[in-house]
Amino acid sequence: MTNDRITFKERIYSVVGSIPKGKVLTYKAVAQLAGNSTAARAVGTCLGQIPHDSKLPWHRVINSQGKISFELGSDRFVAQKQRLQDEGVMFVGQRCNLKQYLWDL
DNA sequence: TGATTGGCCAGGG
DNA sequence: GCCCTGGCCAATC
């Protein structure tokens, strides 16, 4: 098919869009669901290209340490933290309860 | 086509 | 708990 030109970005979008409310995923987890467990860095790069206007819950994607990769106080950091808290995800400084909110399939 | 950038993961001090 | 380094992969120019 000529439609097989789907890039990781497209696949990542689908995975991120499948994250339920109140749950979070790590970049690595998204990479695995996208088909490449070793492309966590690619996920971060692709997510960085997603505009804030996107309907994708990109804010539900954090690093494996349960922390937001953005700079503390950054525009994205505040937006992500606020959206997550609005969904019931409590944050402690720069970190959140990964074990409690991690989307475990 | 080739090289660079960007960003997370893992380990060690 | 924090900081630093090396490695890896995909997208981009």
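Chain letters run A, B, ... following the sequence lines, proteins first and then strands; every chain starts at 1. Keep in mind it's a predicted model, so treat the numbers as computed, not measured.
With dC9(C), dC9(B), dC8(C) as the candidates, the nucleotide lying closest to the side chain of Ala42(A) is dC9(C). When distances run from any side-chain atom of Lys28(A) to the nucleotides dC8(B), dC9(C), dA10(B), the shortest one goes to dA10(B). Of the candidate nucleotides dC8(B), dG6(B), dC9(C), dC9(C) has the atom nearest to the side chain of Thr38(A).
Remark on DNA chain B: of its neighbouring residues Thr45(A) and Gln65(A), the 5'-side contact belongs to Thr45(A), judged by nearest-heavy-atom nucleotide. Comparing Cys46(A) and Arg41(A) along DNA chain C, the residue whose closest nucleotide (by nearest heavy atom) sits nearer the 5' end is Arg41(A).
Looking at residues 77-84 of chain A, you'll see that no heavy atom sits under 4.0 Å from any atom of DNA chain C.
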Which pairs of donor and acceptor atoms, one on a side chain in residues 16-28 of chain A, lie under 3.5 Å apart (sequence neighbours left out)?
unit_1   : atom_1 : unit_2   : atom_2 : d
Ser18(A) : OG     : Ser14(A) : O      : 2.8
Thr26(A) : OG1    : Ala29(A) : N      : 3.1

Residues 67-81 of chain A, side-chain donor-acceptor partners within the protein, below 3.5 Å, at least two apart:
unit_1   : atom_1 : unit_2   : atom_2 : d
Ser74(A) : OG     : Glu71(A) : O      : 3.1
Arg76(A) : NE     : His52(A) : NE2    : 3.2
Arg76(A) : NH2    : Gly48(A) : O      : 3.3
Gln80(A) : NE2    : His59(A) : O      : 2.8
Gln80(A) : NE2    : Val61(A) : O      : 2.9

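In this structure, Arg95(A) reaches the sugar-phosphate backbone alone: every heavy-atom distance under 4.0 Å involves primed, P, OP1 or OP2 atoms, never a base.
Following rounding to the nearest Å, Trp58(A) (CH2) and dC8(B) (P) show an atom-to-atom distance of 13 Å. Atom CD of Gln94(A) is separated from atom P of dC8(B) by 12 Å (rounded to the nearest Å). The separation between Arg11(A) atom CZ and dC9(C) atom P is 16 Å, rounded to whole Å. When the C1' atom of dG7(B) is taken as reference, atom NZ of Lys67(A) falls 15 Å away, rounded to whole Å. Taking atom CD1 of residue Ile68(A) and atom P of nucleotide dG7(B), one finds them 15 Å apart after rounding to whole Å. Distance, Tyr27(A) OH to dG7(C) P: 24 Å, rounded to whole Å. One interatomic measurement links the two molecules: CG of Asn63(A) to C1' of dG7(B), which rounds to 10 Å at whole-angstrom precision. Across the protein-nucleic acid pair, Ile12(A) atom CD1 and dA11(C) atom C1' stand 10 Å apart, rounded to whole Å.
Distances shorter than 4.0 Å separate some side-chain N or O of Ser64(A) from OP1 or OP2 on dC9(B). Proximity of Lys9(A) to the phosphate of dT12(C): a side-chain N or O atom is located under 4.0 Å from OP1 or OP2.
For Ala31(A) against Ala39(A), the heavy-atom pair with the smallest separation is CB-C, 3.7 Å. The minimum heavy-atom distance linking Ala42(A) with Ile12(A) is given by the pair O-CD1, 4.5 Å.
Applying the 6.0 Å contact sphere to CD of Gln85(A) captures more than 12 heavy atoms from other residues, nucleotides or ligands.
When atom types are taken as modelled, the side chain of Tyr13(A) and the backbone of Leu47(A) share no donor-acceptor pair closer than 3.5 angstrom.
Taking 4.5 Å as the limit, some side-chain heavy atom of Lys9(A) sits within range of a side-chain heavy atom of Gln49(A).
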